Amino acid sequence: MTPLPNYRPKQLSLGPLEAEILQIVWELGTATTKDVHERIMIDPDRELTYSSVTTVLRRLSEKGWLECDKTKRSFAWQALISRQQAQALKAYEQLQGFLASANPDIVAAFADSLDSASCEQLEAIALRIMAVRKAREEQK
């Protein structure tokens, strides 16, 4: 189970190009602007300037998704959280949004409409939550 990271980007929402470039950085681990630009330009139908890639990388850094190592001749970009941590944050935000906007009757109606596979999945999630909480209590 991927826990929520202690660090969270300042802004979770990303545009399509930002998300694509972040995916590339995750795949490469550490990437220069040239690495990212070359990866995007593999598609012959794409037209994206090197400076546009630089701008998006800088924006991702400002939003808190990437950090830049400026010690070498070419800047090296690296993600501040993993892809799995980002997925956990997104799921957490969606769940919190759903629970905040729905009254108990709506949540109950939603839960009642789930099929048996979804119910089994929810039961497995509940068991995991209890195990994590028990382990946390034992550590105290």
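Model, not experiment: these values are computed from the prediction.
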(request) Looking only at non-hydrogen atoms, find the nearest pair between Thr32 and Ser74 and report the distance. (result) CG2-OG, 3.7 Å
(request) State, to 0.1 Å, how close Ala31 and Val36 come at their nearest heavy-atom pair, and which atoms those are. (result) CB-CG2, 3.9 Å
(message) Between Val25 and Leu57, is the side-chain contact (heavy atoms from CB on, under 4.5 Å) condition met? List the steps.
(response) CA-CA 10 Å; Val25 173; Leu57 287 165; 4.2 Å; yes
(request) Write down the atom of Leu80, the atom of Leu66, and the distance for their closest heavy-atom approach. (result) CD1-O, 3.7 Å
(message) Would you say CD of Glu47 has more than 12 non-hydrogen atoms from neighbouring residues, nucleotides or ligands within 6.0 angstrom?
(response) no
(request) Report whether Leu28 and Met41 are members of the same hydrophobic cluster (ILVMFWY, side-chain heavy atoms less than 4.5 Å apart, transitive linking). (result) yes
(message) Counting only heavy atoms not in Asp43 (residues, nucleotides, ligands), do more than 12 fall under 6.0 Å from its CG?
(response) yes
(message) Using the rule that Ile, Leu, Val, Met, Phe, Trp and Tyr join whenever any side-chain heavy atoms are under 4.5 Å apart, tell me whether Leu122 and Phe98 fall into a single cluster.
(response) yes
(request) Check whether any side-chain heavy atom of Ile81 lies under 4.5 Å from a side-chain heavy atom of Tyr7, and answer yes or no. (result) yes
(request) Before accepting this row, confirm whether a basic side-chain N of the pair Arg133/Glu137 lies closer than 4.0 Å to the acidic partner's carboxylate O. (result) no
(request) Applying side-chain contact (heavy atoms from CB on, under 4.5 Å), run through Asp35 and Thr30 and close with a yes or a no. (result) CA-CA 9 Å; Asp35 296 333; Thr30 300; over 6 Å; no
(message) Less than 4.5 Å apart, side chain to side chain, heavy atoms only: is that true for Thr33 and Tyr50?
(response) yes
(message) Between the side chains of Glu93 and Arg8, is the shortest nitrogen-to-carboxylate-oxygen separation below 4.0 Å, so that they form an ion pair?
(response) yes
(request) Give the minimum heavy-atom separation between Arg46 and Leu17, together with the two atoms involved. (result) NH2-CD1, 3.8 Å
(request) Find out whether Gln23 and Arg83 are in side-chain contact, i.e. whether some heavy atom of one side chain is under 4.5 Å from a heavy atom of the other. (result) yes
(message) Quick check: closest heavy atoms across Trp65 and Leu22, and the distance to 0.1 Å?
(response) CE3-CD2, 3.5 Å
(request) Assess the side chains of Thr49 and Ser52: does a donor N or O sit below 3.5 Å from an acceptor N or O? (result) yes
(message) So Glu67 and Gln78, do their side chains get closer than 4.5 Å, heavy atoms only?
(response) yes
(request) With the side chain counted from C-beta on, respond yes when Leu60 and Leu14 share a heavy-atom pair under 4.5 Å apart, and no when they do not. (result) yes
(request) Run the salt-bridge test on Glu27 and Arg39 with the 4.0 Å N-O cut-off and return the result as yes or no. (result) yes
(request) Considering only NZ, NE, NH1 and NH2 on the basic side and carboxylate oxygens on the acidic side, decide whether Arg128 and Glu123 come within less than 4.0 Å. (result) no
